[in-house]
Amino acid sequence: MNQEENIVFRKSSLTLEVAREMIKRAEEKAAETGIAITTCIVDESGVLKAFSRMDGSPLMAVDAARKKALTAAGIGLSTGKAWYDFIKDDPILLHGVQGITDFMLLGGGLPLRH
């Protein structure tokens, strides 16, 4: 291995086509259940890749969806129960994470792995 190979690394990233398909499927499922959702997909670095807010989805869901996507991508753990189970027995962590910028404990954020 030469020295140049030690200074860079490669990352995989979701294609826009796949992100759009994920939103389409999520919205189809939401429509089947009679709810309106907001979907936010970020890339491996937390940069917005695709976004959609169905008609009737609450305005506050826009920021919540973004924060859930960032939390899942940034930590690699689903938001909601998985996060709560991880922090529930540590009072400092339980209360401290709420102060992290763009952190969202609410369920619905899912990390993607390849």
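Counting begins at 1 with the first residue of the sequence.
Here the side chain of T71 pairs a donor or acceptor atom with the backbone of K67 at under 3.5 angstrom. Between the side chain of T79 and the main chain of L106, a donor-acceptor pair closer than 3.5 Å is present. The closest donor-acceptor contact from the side chain of T33 to the backbone of A30 lies under 3.5 Å. No donor-acceptor pair under 3.5 Å is formed between the side chain of K49 and the backbone N or O of T15.
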Please report the C-alpha distance between E27 and S52 in whole Å, then the side-chain angles of each, then the deciding distance to 0.1 Å, and finally whether the side chain to side chain donor-acceptor pair (under 3.5 Å) criterion is met. CA-CA 9 Å; E27 289 181 348; S52 178; 2.5 Å; yes
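Annotation: side chain of I23 is not in contact with side chain of F51 (no heavy-atom distance under 4.5 Å). In this structure, L77 and F86 have side chains that are in contact, with non-hydrogen atoms separated by less than 4.5 Å. Taking 4.5 Å as the limit, some side-chain heavy atom of L112 sits within range of a side-chain heavy atom of L14. Using a 4.5 Å heavy-atom threshold, the side chains of M60 and D63 count as separate. Side-chain contact between I35 and I37: present, with at least one pair of heavy atoms (C-beta onward) separated by less than 4.5 Å. I41 is not listed as a side-chain neighbour of R20, based on a closest heavy-atom distance of 4.5 Å or more.
Between A61 and T38, the shortest heavy-atom distance links the atoms CB-OG1, 3.6 Å. The heavy-atom pair separating M104 from A64 by the smallest distance is CE-CA, 3.9 Å. For G109 against A72, the heavy-atom pair with the smallest separation is C-CB, 3.7 Å.
Criterion: ILVMFWY side-chain heavy atoms under 4.5 Å apart, direct or through other members. Under it, L16 and V18 are not part of a common hydrophobic cluster.
Between E32 and K29 there is a salt bridge, since a side-chain N of the basic residue sits under 4.0 Å from a carboxylate O of the acidic one.
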